[in-house]
Amino acid sequence: CDERSGTWDLLHHGQVRTAEPLPRGLERLIFGCLGEEEARRFVKTCERRGVYDLEEEQLSQLQQGMFASVVSERRTARRIASVYSGKGYLMGPETAMAYGGLQDYRATAGEGRLALIMAQRRPKDDLETVAAAIGIEPSALKAQLD
């Protein structure tokens, strides 16, 4: 997640402000780890745009088997540039953020971990961000991608 992520706040602090943009599927994570009743409480808190808080035991249960990493915007841009210059592969910011998180996980769990990163957005969807990261004009990148 990035440094402004509700996922990070929930996994590390046990609370999330539901009035702010939330990652898709967060209710499924809560449902899968804490059950249907807790997922309903989360949805009701979202409807009120309140602060969703976990008790210590719930937070511990949610954290079991989880690994969360914060990948800053600056680090995401560096990842886009380094992968593009080193491998010739162009990725968008969401993919670069996931790749940065994978690198953090591998640093903790071991380099031999296999992974598949699937992007929901194309680099073309974030043209200005990707162009800035690799140091070219958006129009030049658009021409390459068209």
Side-chain angles (χ1 to χ4, degrees), residues 1-84 87 89-139 141-142 145-146:
C1 56
D2 68 19
E3 64 268 25
R4 296 178 310 271
S5 172
T7 305
W8 178 262
D9 290 338
L10 185 60
L11 288 172
H12 286 274
H13 304 294
Q15 73 171 213
V16 62
R17 291 169 181 21
T18 63
E20 298 173 6
L22 295 172
R24 284 174 270 164
L26 193 54
E27 71 280 356
R28 288 186 296 227
L29 173 69
I30 293 168
F31 177 86
C33 295
L34 302 175
E36 183 176 350
E37 185 177 322
E38 195 59 30
R40 287 181 194 274
R41 187 173 77 83
F42 173 74
V43 170
K44 286 180 182 178
T45 304
C46 290
E47 290 169 354
R48 291 191 329 268
R49 299 177 60 90
V51 175
Y52 175 73
D53 284 305
L54 294 175
E55 295 177 11
E56 284 296 318
E57 184 178 311
Q58 290 173 310
L59 178 58
S60 177
Q61 187 176 348
L62 186 65
Q63 291 172 335
Q64 287 179 355
M66 290 281 178
F67 179 85
S69 174
V70 171
V71 181
S72 68
E73 286 183 29
R74 186 172 18 158
R75 186 169 165 216
T76 296
R78 286 195 314 256
R79 190 68 50 233
I80 292 169
S82 69
V83 169
Y84 182 69
K87 304 284 186 199
Y89 180 79
L90 190 61
M91 66 174 86
E94 287 184 2
T95 306
M97 184 173 49
Y99 184 59
L102 172 62
Q103 289 178 314
D104 292 347
Y105 177 70
R106 284 179 170 165
T108 301
E111 287 293 322
R113 301 293 180 158
L114 298 177
L116 173 64
I117 297 174
M118 298 176 67
Q120 294 184 25
R121 295 175 59 90
R122 303 168 299 165
K124 190 174 183 177
D125 296 333
D126 297 295
L127 198 63
E128 290 186 17
T129 301
V130 175
I134 62 173
I136 65 173
E137 290 295 318
S139 57
L141 179 57
K142 185 176 185 317
L145 295 174
D146 284 341

Say you draw a straight line from [atom1] of [X] to [atom2] of [Y]; how long is it, rounded to the nearest 0.5 Å?
X: Thr95; Y: Arg79; atom1: OG1; atom2: CZ; value: 13.0 Å
X: Leu127; Y: Arg122; atom1: CG; atom2: CZ; value: 10.0 Å
X: Gln58; Y: Ile30; atom1: CD; atom2: CD1; value: 9.5 Å

If you compare all heavy atoms of [X] against all heavy atoms of [Y], which two are closest, and at what distance to 0.1 Å?
X: His12; Y: Gln63; value: CA-NE2, 4.2 Å
X: Pro93; Y: Thr129; value: CG-CG2, 4.0 Å
X: Ala98; Y: Ile117; value: CB-CG2, 3.8 Å
X: Tyr84; Y: Ile134; value: CD2-CG2, 3.7 Å
X: Ala133; Y: Ala77; value: CB-O, 3.5 Å
X: Met97; Y: Val71; value: O-CG2, 3.6 Å

Against Phe42, only a single residue in Leu22, Leu34, Leu10, Leu54 fulfils side chain to side chain contact (heavy atoms under 4.5 Å, CB included); can you say which? Leu22
Checking side chain to side chain contact (heavy atoms under 4.5 Å, CB included) against Met91, which of Asp126, Val130, Ile80 comes through? Ile80
Give every residue pair that meets the salt bridge (charged side-chain N to carboxylate O under 4.0 Å, His left out) criterion with at least one member in residues 127-138, sequence neighbours excluded. none
With sequence neighbours left out, which residue pairs that include part of residues 95-110 fulfil the salt bridge (charged side-chain N to carboxylate O under 4.0 Å, His left out) condition?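 Counting only pairs at least two positions apart or across chains, the salt bridge (charged side-chain N to carboxylate O under 4.0 Å, His left out) contacts touching residues 95-110 are Arg75-Asp104.
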Check Arg41 with Glu37, please: is the shortest side-chain N to carboxylate O separation under 4.0 Å? no
Counting heavy atoms not belonging to Lys142, are there more than 12 under 6.0 Å from its NZ?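 Atom NZ in Lys142 is not packed in, count stays at 12 or less.
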Answer yes or no: does atom CZ of Arg17 have more than 12 heavy-atom neighbours from other residues, nucleotides or ligands under 6.0 Å? no
Name all pairs fulfilling the side-chain hydrogen bond (donor to acceptor under 3.5 Å, both in side chains) condition that reach into residues 42-52, sequence neighbours left out, sorted by first residue then second. Glu38-Tyr52
